[in-house]
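Below: the structure, in structure tokens.
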Amino acid sequence: MRIDILTVIPELIEGFMNESIIGRAQKKGIAEIHIHNLRDYSTDRHRKVDDYPFGGFAGMVMKCQPIDDCISALKAERDYDEIIFTTPDGQQFDQPMANELSLKKNIIILCGHYKGVDYRIREHLITREVSIGDFVLTGGELAAACMTDAIVRVLPGAIGDEQSALSDSFQDNLLAAPVYTRPADYKGWQVPEILLSGHEAKIKDWELQQALERTQRLRPDLLDH
Ligand code: ADE
């Protein structure tokens, strides 16, 4: 899978994309992530990517030209399944959306900035608008990084243990059960007996009961789905 991220601050996400699971998935050839600096596409001699809004509103607006040229250049190379814009007024990102997007071949994520982007970009080029939550970030880079992380980690082979991504919280609308590692007794803090029993069926049952209990207590809304 290939993800192209369009941003005015590439430095904000470059490091993140080369580390940990995403970095490894890229080295293994499971995911290809390309970060594009929108200033490189600006025809302005000062590489400007924003301008004052019509109507005299406050703040700056991202111009059409650099975004349109960058997207056109990418589209000339390959077909894209989705062109996503990160914005607080978009559709709420969640695990089903991460799973769905992980099945796509090529996607573009445009990171919003300033007061927003010229609305014509949203009308003519964007296929999906996505928010990572009901709060306003300074820019869409962190949203793009969150989305990319959630998408890449469910790609087959991205995580060592194949089962691991599937047993994440939210994959079945349940929060994950607690996990423990050695020692079984740390300063008198005990690991639940059942986990030391070696009884696989009982452990599975315990895991499910824990997941149900935690979901009921912490996120009862998930059980309504
Ligand atoms: N840009 C600013 N805030 C955002 C949010 N909550 N989600 C996605 N993109 C954003």
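Atoms within a ligand are numbered from 1 in the order they appear, just like the ligands themselves.
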So CG of Leu223 and CG of Leu174: to nearest 0.5 Å the spacing works out to 6.5 Å
Output the distance between atom CZ (Arg122) and atom CG (Asp89), rounded to the nearest 0.5 Å. 4.5 Å
So the atoms of ligand 1 within less than 4.0 Å of a heavy atom of Phe135 turn out to be 3 (N), 5 (C), 6 (N)
For ligand 1, note which part of Thr87 has a heavy atom under 4.0 Å away: side chain, backbone, both or neither. backbone
So for atom CD, which belongs to Gln92, do other residues, nucleotides or ligands contribute more than 12 heavy atoms lying within a distance under 6.0 Å? yes
Heavy atom of the protein closest to atom 7 (N) of ligand 1 (residue, atom name, distance): Ile132 N, 3.0 Å
Would one find an N or O of Ala143, backbone or side chain, under 3.5 Å from an N or O of ligand 1? no
Please list the nearest protein heavy atom to atom 1 (N) of ligand 1 with its residue and the distance rounded to 0.1 Å. Pro88 CD, 3.6 Å
At a 4.0 Å threshold, what atoms of ligand 1 neighbour a non-hydrogen atom of Val130? 8 (C)
Mind checking whether Leu137 has an N or O less than 3.5 Å away from an N or O of ligand 1? yes
Give the minimum heavy-atom separation between Ala98 and Phe93, together with the two atoms involved. CB-CZ, 3.7 Å
What donor-acceptor contacts under 3.5 angstrom involve side-chain atoms of residues 141-151, with partners at least two apart or in another chain?
residue, atom, partner, partner atom, Å
Glu141, OE1, His113, NE2, 3.2
Glu141, OE2, Thr7, OG1, 2.5
Thr148, OG1, Ala144, O, 2.7

Does Gly112 have a non-hydrogen atom less than 4.0 Å from ligand 1? no
Using the ring-ring contact (aromatic ring centres under 6.0 Å, His included) criterion, which residues pair with Tyr186? Sequence neighbours excluded. Trp189
Counting N and O atoms only, with roles assigned by atom type, does the side chain of Gln26 sit under 3.5 Å from a partner on the main chain of Ile33, one being a donor and the other an acceptor? yes
Are any of the N/O atoms on Val136, whether in the backbone or the side chain, positioned under 3.5 angstrom from an N/O atom of ligand 1? no
